[in-house]
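Below, read A as the first sequence line, B as the second, and so on, with proteins coming before strands; counting in each chain starts at 1.
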Amino acid sequence: MKLQHLNEPQRQAVMTVEDPCLVLAGAGSGKTRVITQKIAWLIRESGYRPEKIRAVTFTNKAAREMKQRAGELLGKQEARGLRISTFHTLGLNILQREHAHLGYRKGFSILDARDAEDCIAELQHKDNPEAELIKQTQWRISQWKNDFITPKQALADAENSLEQHQARVYLAYQEQLQACNAVDFDDLIMLPVLLFRQQPEVLDQWRERIHYLLVDEYQDTNASQYELIKLLCGMRQKLTVVGDDDQSIYAWRGARPENIRLLQQDFPNLKVIKLEQNYRSTSRILRVANRVIGNNPHLFDKKLWSAAGDGDFVRVLPCRNDQDEAQQVVVDIIGKHFQGTPWKHFAILYRGNHQSRLYEKLLREHSVPYQITGGTAFFERSEIKDLTAYLRIIANPEDDRALLRIINTPRREIGATTLKTLGEYAAWRHRNLGLVLHEHGLEQKLSRKAWINLQRFADWLEEKRRQAEEMDAMSLTRLLIDELAYEDWLRNTSSSQKQAESRMANVEELVSWIGNLQKQQEEPTLDRLVTQLTLMSILENSDDDKSSDSVQLMTFHAAKGLEFPHVYLVGFEEDSIPHFQCQDEEGIQEERRLAYVGITRAEQQLTISYAQTRQKYGEVIQCEPSRFIAEMPAEDLEGAEHCSDRLSPEEKKERGMNHLDNLKAMLAG
DNA sequence: ACGCCGCGTATTTTT
DNA sequence: TACGCGGCGT
């Protein structure tokens with residue numbers, strides 16, 4: 001097989017098959033190309049059957065892209081059976097096969113982060129109604145799960161009353177999940193690991209299924225994900241991981257970039273290959289990026305370089321205030337667009353989602369098409385949660401949380417008193433809510449009216465379960481929407497016509513999503529579709545945005561892995577980046593990596609803007625330019641004079657900084 | 001059961 | 001400023 005279009009280190013990375021391999025892939029160094037070529041190499045040259053190769057990514061989007069590119073390289077025939085998925089989907093696959101070993105029943109549900117939060121809130125409410133604590137407890141439980149600490153251990157190890165309390169909630173939470181035949185996101189990784197540790201013969205079966213493992217964005221793995229990797233590899237050590245410690249920006253979420261170091265310990269034969277040639281950006285942009293990230297400590301020395309020329313200066317735009325900043329950026333984009341640059345070549349990146357507002361407003365006012373990624377996630381919307389809860393309760397009759405969510409949505413006149421009685425009765429019977437709906441003992445405890453309403457609901461639910469056997473998930477969803485008169489209900493509960501329309505559009509999108517999913521799935525049973533759906537965020541659904549020509553708006557985090565010819569990093573101020581709540585040494589380092597990720601998104605031109613004053617919570621505050629600007633090499637910057645001493649408009653003019661003002665005038669005139 | 005008011009809070013968020 | 005939530009009033 002010819003390894004076309006690969007440089008020497010890339011070639012090495014592809015051909016290193018016998019030993020475990022760590023590829024340190026700098027930004028824009030062609031890591032996806034390496035992974036896909038390596039898969040092709042494994043199949044064509046090393047004799048691996050495609051179904052024995054597993055590639056793992058963090059996002060569905062990355063998995064899709066990799067699948068697509070591997071498919072192009074190999075052709076349909078050769079790629080047949082190749083498995084590329086997210087970590088969580090891998091965990092789900094394992095659980096779906098092995099759930100019985102762990103005490104779960106077929107059709108188990110997955111709680112998303114919000115469900116889990118609600119669940120914890122309820123459990124905690126009993127003895128501690130402090131709202132602040134909920135997120136903290138959820139975070140703690142997640143940490144425990146990542147470190148494989150059982151509730152009992154956590155309780156035993158608790159060092160203070162807070163931890164004791166949290167451990168008690170953890171215990172109750174796990175019991176609740178078990179009882180509902182449900183798992184959370186962390187369980188999808190933790191449970192397979194626990195199972196593999198307890199039952200080596202099951203692990204052996206999985207090692208037989210996966211002969212070669214590739215992991216993308218390795219710097220983002222947490223402790224339990226790494227453990228899963230190690231277990232699956234076993235002695236065979238057929239492993240390639242690709243990552244970049246400089247792009248580790250999820251430590252706050254539990255990612256452990258030090259897993260890169262551990263890899264060297266755990267795999268003494270590890271071959272480390274560095275990809276340092278960047279094919280994305282101009283040399284100037286890379287010099288700026290290198291200088292900034294150079295202020296962080298490093299495990300491995302790595303220096304990105306580019307064969308592209310210097311290119312344009314990196315521009316620094318000081319602005320009087322946030323309005324002015326948005327104005328300058330938008331005007332600049334419009335000006336460039338009319339010189340022939342398509343809208344989609346521009347990206348506006350910021351630290352926090354709220355910073356998009358001004359830009360949205362201005363872009364709308366100027367009729368510039370834009371697309372915004374992020375904000376309230378699709379799957380968190382109430383209409384989506386309602387419908388998926390219906391699907392969940394149909395697929396998994398034990399899913400108490402789903403039942404509670406929809407039993408009176410839309411209104412069925414099943415009120416709080418009825419539910420309380422139902423809950424007490426079910427608890428007394430040690431059975432799930434959904435399984436006692438018809439019981440005679442319950443009838444005794446309810447009023448005639450409540451009982452009738454409840455029976456009507458229970459009968460309807462059973463009818464849907466029967467129908468679910470005979471029809472596909474998409475038709476079932478349509479049937480539900482129809483029978484529930486869900487659109488009417490949305491209309492009645494929405495505050496405005498506009499909101500109602502957008503919610504209905506979301507419902508439509510969900511339906512088409514389910515349609516797509518069942519086409520892709522090998523075994524499109526309802527329960528499999530529902531769990532898969534929970535692992536998706538529909539934000540990434542927008543494959544259609546590639547075709548649409550619009551300015552892209554997103555956070556630095558969301559931009560990881562993407563590239564644009566013209567990038568604007570806006571709000572580049574102290575307390576924004578680095579964020580005011582990340583002031584310790586480690587925090588600053590992660591913020592610096594975040595800045596690095598932002599900088600390295602740019603192909604041709606990078607513009608960094610900051611405001612000197614900004615409206616925050618209704619009041620005007622003073623801002624300082626980010627310390628990261630001062631870290632950049634002055635000779636590659638244009639307009640950086642402003643960092644130390646602020647210039648008056650006259651001085652600005654003197655130094656030829658008024659091109660934006662000219663543009664503005666031009667557009668106004 | 002619903003709606004309104006006032007208070008408190010304000011990152012990033014792959015699954 | 002804005003939004004979401006809890007409490008309270010109808």
Calculate the interatomic distance between A/L535 atom CG and B/dT15 atom P; express it in whole Å. 8 Å
Nearest heavy-atom neighbours spanning A/A611 and A/C623: O-CB, 3.2 Å
Among B/dT13, B/dT11, B/dT15, find the nucleotide with the atom closest to the side chain of A/A558. B/dT13
Side-chain N or O of A/N60 versus OP1/OP2 of B/dT14: is the shortest distance under 4.0 Å? no
Rounded to whole Å, how long is the line connecting atom CZ of A/F556 with atom P of B/dT13? 11 Å
For A/F628, what residues pass the ring-ring contact (aromatic ring centres under 6.0 Å, His included) criterion, not counting sequence neighbours? none
With syn defined as a glycosidic angle within 90° of 0 and anti as everything else, classify B/dT12. anti
Length of the CD1-C1' vector between A/I621 and B/dA10, whole Å: 12 Å
Would you call the rings of A/F87 and A/F58 parallel, tilted or perpendicular, taking 30° and 60° as the class edges? tilted
Could you check A/H557 against A/I414 and say which one's nearest nucleotide on DNA chain B is further toward the 5' end? A/I414
Separation of B/dT13 P from A/R351 CZ (nearest whole Å): 8 Å
If you look at every strand shown and take non-hydrogen atoms under 4.0 Å, does A/R357 touch a base, only sugar-phosphate, or nothing? sugar-phosphate
Grab the OH-P distance between A/Y350 and B/dT13 for me, whole Å please. 9 Å
When rounded to whole Å, the CD to C1' distance for the pair A/E217 and B/dT14 reads 9 Å
Give a yes/no verdict on base stacking between B/dT12 and A/W252: centres under 5.5 Å, planes within less than 30° of parallel. yes
Options B/dT14, B/dT13, B/dT11, nucleotide nearest the side-chain atoms of A/Q581: B/dT11
Phosphate OP1/OP2 of B/dT14 contacted by A/T57 side-chain N/O (<4.0 Å): no
Sugar-phosphate, base or nothing in reach of A/Y250, heavy atoms under 4.0 Å: base
Counting C-beta onward and ignoring hydrogens, is there a side-chain heavy-atom pair between A/V183 and A/L177 closer than 4.5 Å? no
Taken in chain and number order and not counting sequence neighbours, the residues that satisfy side-chain hydrogen bond (donor to acceptor under 3.5 Å, both in side chains) with A/N321 are none
Distance check: side-chain N/O of A/N222 vs OP1/OP2 of B/dT14, anything under 4.0 Å? no
Rounded to whole Å, CD of A/E591 lies from C1' of B/dT12 at a distance of 8 Å
At their closest point, which heavy atom of A/A595 faces which heavy atom of A/F572, and how far apart are they? CB-CZ, 3.9 Å
For A/D216 and B/dT14, what is the distance between atoms CG and C1' respectively, to the nearest whole Å? 11 Å
Pairwise 5' ranking along DNA chain B for A/G352 and A/T89, keeping only the more 5' one: A/G352
Does a distance-only test, which skips hydrogens and angles, find a donor-acceptor pair under 3.5 Å between the side chain of A/R253 and the base of B/dT15? yes
A/D220 near the nucleic acid: base, sugar-phosphate alone, or nothing, with a heavy-atom cut-off under 4.0 Å? base
